[in-house]
Amino acid sequence: METESEPYVRLASLRQLHQVMADMNTARSLADTLQTVADGAVQALNYEMAAVNLVRPDGDLVVAAFAGNSAAESLITGRVGSRDSWDRRLAMGEQWGDLVFIPHTEGWVLDEDDVPQWYTDGPAPRFEDEWHPSDRLFAPMYTPGGQGGSSGELLGVISVDRPRNGRRPGAWGREALQMYAFQAAIAISNARLRSNMQRALVRLERDQQALRASEESFRQAFEYAPSGMAIAEMGGDQHGRILRTNDALCRLLGRPASAMRRYSFSDLVHPEDIGTLLRTSAEGGRAELRLGRRDGSYVWVSLRNSVVADAADGPRFLLTHVEDIEERKRRELQLAHRASHDSLTGLPNSAELRSRLSARLCRRPAHPGALESLDAAYGHPAFDAPGHGFDFAAGAESYDGFDHHVHTVAPEDGRDDGTKGLAVLFCDLDGFKSINDRFGHNAGDAVLIEVARRLSRGVRDGDTVARLGGDEFVILADGLGKADAQDLAVRLRNEIIQPIRAEGRAVRVGASFGIGWAHCGMTADEVLKSADERMYVEKRSRPKQHRRAG
């Protein structure tokens, strides 16, 4: 870091300092981090030599890294200075913020202590701010997290010698070194934490090796099982972290064993299945969920847990058996889809339509006075209170802490009062029978498929288009007023009456719509019957020529 230009600093110097700080935090090990700290003081801060003195568990400081002079590096790296000698050094001299500068006029008293040190040859200073070969500058490093803004425990000391410009650091140079020491302390603390974690993982791996040696049969079953197996940590901060996997699981997920050890199952599970995983008991739990492959796809698996203990009071591990059920699940989903969807158009069928409609409706109490009793008991209307409801189908209250059913209401008959409700549009095709009679059922099927596509294209995401049977369709559209529902019916009718290509010819069908409204207290069949009746009223009210296909 150039100092003669203070208070102006070159942008290139700032970039170099930033890069060195970034390198400190990306070093792969504690030793690499310490060496990067020493190198950075030389390369980015422009000192001729730098050493990192690290506090050992016994309190003394060892020269853990050195940069700038290979001869000095071989001489003092690994040597230890007592904590008392270091405390003496940090308590004397001039305090430059957190830095300690001991000028040569005071430093001579330290020549005989046990702290490893070096000297840079050079002429005596001619000016007041020139660096003397016996000047000393220390940047203490403290563990992050001191309370009340105070420094934490001493982590180590960065020692630097002679700036390359030959002058004592100015305000910017001091600030840069102090900031550098602060960032170095964070990087060293993080590297030490990573090192401790790595040692812990090594210990766990040794425990696993001992377990495999004593239980060879278990190892054989684990390694060569035809389905996936994994061992994960149980309890503690690393609960669920994968320690070991077998080849079958690695092949199933397309991930190497080394990569698998970076994950827990919660990292691999499909976002929609995380709740299923969390509800799975660690001891004897079982769940069917999706796990992520390396290529981004997901595979359905059956996941079963059991606990393996190393000894009576020893470590406990989670043994997870992962079975590929992709094919079975695909068949089940296909069967479920076939049971709930129309085979010709792919739309939800009559049973699925009634299920979705019923899920929005609750039944009224069995006797008229029940609502008044609820109003009196809870101090507000039972059907109008937001976020409250009563599951009358189950006969159980669903006030706060239960279902939170939001009641479905309907606009009043005869006027559009602005109420938004669940509109049920019953659609019956006009002139469809004549197409079947004239051109055959294949043409009729093509018409039904195209009508289903046009209806699906004409509604919003979240609305339901279902085929009730024959040439009858139903649309469930929530959050509509009367005018909205009528506009929707007109748009859908205009889509349907456009020519349709069927069996090489253009045919037309008409459509009649009846708009019903669902509200709590009705059954699904009652709602559909109401919409059906309105559809027939609308069909009879239109001239016959407007209802026929072209």
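As the structure is a computational prediction, the values presented were derived from the model and not from experiment.
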Margin query: Check this for me: does any side-chain nitrogen of one of Asp484 and Lys420 sit under 4.0 Å from a carboxylate oxygen of the other?
Written below: yes

Next item on the list: Mind telling me whether His104 and His132 have parallel, tilted or perpendicular rings, with 30° and 60° as the class edges?
Entry: parallel

Note to self: Salt bridge check, Glu326 against Arg331: does any charged N sit closer than 4.0 Å to a carboxylate O?
What the structure shows: no

Check: If you measure only the distance, is there a donor-acceptor pair under 3.5 Å linking the side chains of Thr320 and Arg304?
Finding: no

Notebook entry, point to check: If you measure from the Lys or Arg side-chain nitrogens to the Asp or Glu carboxylate oxygens, is any gap between Asp58 and Arg56 under 4.0 Å?
Noted result: yes

Checklist line | Over 12 non-hydrogen atoms of neighbours within 6.0 angstrom of CZ in Arg330 | finding: yes

Note to self: Can you tell whether the side chains of Arg491 and Asp487 come within less than 4.0 Å, N to carboxylate O?
What the structure shows: no

Next item on the list: Locate the shortest heavy-atom distance separating Gln35 from Ala67; write the atom from each residue and the value.
Entry: NE2-CB, 4.2 Å

Next item on the list: Flag the pair Leu204 / Phe317 as yes when at least one side-chain heavy-atom distance between them is below 4.5 Å, and no otherwise.
Entry: yes

Notebook entry, point to check: Looking at side-chain heavy atoms only, is the closest gap between Met21 and Met24 below 4.5 Å?
Noted result: yes

Check: Within 45° of the ring axis of Trp96 and under 6.0 Å from its six-membered ring centre, is that where the NZ or CZ of Arg174 lies?
Finding: yes

Next item on the list: Give a yes or no on this: more than 12 heavy atoms of other residues, nucleotides or ligands lie within 6.0 Å of atom CZ of Phe182.
Entry: no

Notebook entry, point to check: Among side-chain atoms of Gln198 and Arg203, is any donor-acceptor pair under 3.5 angstrom?
Noted result: no

Checklist line | Test item: side-chain donor near acceptor, Ser195 and Arg199, under 3.5 Å | finding: yes

Check: When rounded to the nearest 0.5 angstrom, what distance separates CE in Met260 from SG in Cys250?
Finding: 6.0 Å

Check: When rounded to the nearest 0.5 angstrom, what distance separates CG in Asn305 from NE2 in His321?
Finding: 11.5 Å

Margin query: So that I can tick it off, tell me whether Arg262 and Asp267 are bridged by a salt bridge, with the cut-off set at under 4.0 angstrom between side-chain N and carboxylate O.
Written below: no

Notebook entry, point to check: What distance separates Phe265 CZ from Arg241 CZ, expressed to the nearest 0.5 Å?
Noted result: 13.0 Å

Notebook entry, point to check: Any salt bridge between Glu130 and Arg168, counting N to O under 4.0 Å?
Noted result: no

Check: Do Thr464 and Arg356 have a side chain donor and acceptor closer than 3.5 Å?
Finding: yes

Check: Is there a donor in the side chain of Thr276 and an acceptor in the side chain of Asp273, or the other way round, less than 3.5 Å apart?
Finding: no

Check: Would you call Glu332 and Arg328 a salt bridge, using N to O less than 4.0 angstrom?
Finding: yes

Checklist line | Arg255 to Tyr263 six-membered ring, cation-pi geometry met (6.0 Å, 45°) | finding: yes

Check: Where do Ser340 and Glu352 come nearest, in terms of heavy atoms and distance?
Finding: O-CB, 3.1 Å

Next item on the list: Take the angle between the ring planes of Phe66 and Trp118 and call it parallel below 30°, perpendicular above 60°, tilted in between.
Entry: perpendicular

Notebook entry, point to check: So with a 6.0 Å cut-off around CZ of Arg457, is the heavy-atom count from everything else above 12?
Noted result: yes

Notebook entry, point to check: Do Ile325 and Glu288 touch side chain to side chain, with heavy atoms closer than 4.5 Å?
Noted result: yes

Item checked: Ser82 side chain to Asp60 side chain, donor-acceptor N/O pair below 3.5 angstrom -> no

Notebook entry, point to check: Does a side chain donor of either Asp324 or Ser227 reach within less than 3.5 Å of an acceptor in the other side chain?
Noted result: no

Next item on the list: Please report the closest heavy-atom contact between Trp131 and Pro169, naming both atoms and the distance.
Entry: CZ3-CD, 4.3 Å

Checklist line | Pairwise distance CG(Leu30) to CG(Asn190) - rounded to 0.5 angstrom | finding: 11.0 Å

Note to self: Side chains of Tyr180 and Ile158, heavy atoms from C-beta outward: is any pair under 4.5 Å?
What the structure shows: yes

Notebook entry, point to check: Considering all heavy atoms of both residues, which atom of Met92 and which atom of Gln95 are nearest to each other, and what is their separation?
Noted result: O-NE2, 4.1 Å

Next item on the list: Hey, could you give me the OG1/CZ distance between Thr33 and Arg194, rounded to the nearest 0.5 Å?
Entry: 5.5 Å

Checklist line | Flag if over 12 foreign heavy atoms under 6.0 Å of CD, Glu327 | finding: yes

Checklist line | Shortest non-hydrogen contact from Leu75 toward Arg79 | finding: O-CD, 3.3 Å

Note to self: A side-chain contact here means heavy atoms from C-beta on lying under 4.5 Å apart; do Arg286 and Leu303 qualify?
What the structure shows: no

Notebook entry, point to check: Nearest heavy-atom pair of Val160 and Ala41: which atoms, and what distance?
Noted result: CG1-CB, 4.3 Å

Next item on the list: Rounded to the nearest 0.5 Å, what's the gap from CG on Asp463 to CD1 on Ile475? Could you check?
Entry: 9.0 Å

Check: Using a distance-only test with no angle check, is there a side-chain donor-acceptor pair under 3.5 angstrom linking Thr36 and Asp23?
Finding: no

Checklist line | Name of the residue among Ile186, Leu154, Val157, Val52 meeting side-chain contact (heavy atoms from CB on, under 4.5 Å) with Met141 | finding: Val52

Margin query: Between the side chains of Glu106 and Arg136, is the shortest nitrogen-to-carboxylate-oxygen separation below 4.0 Å, so that they form an ion pair?
Written below: no

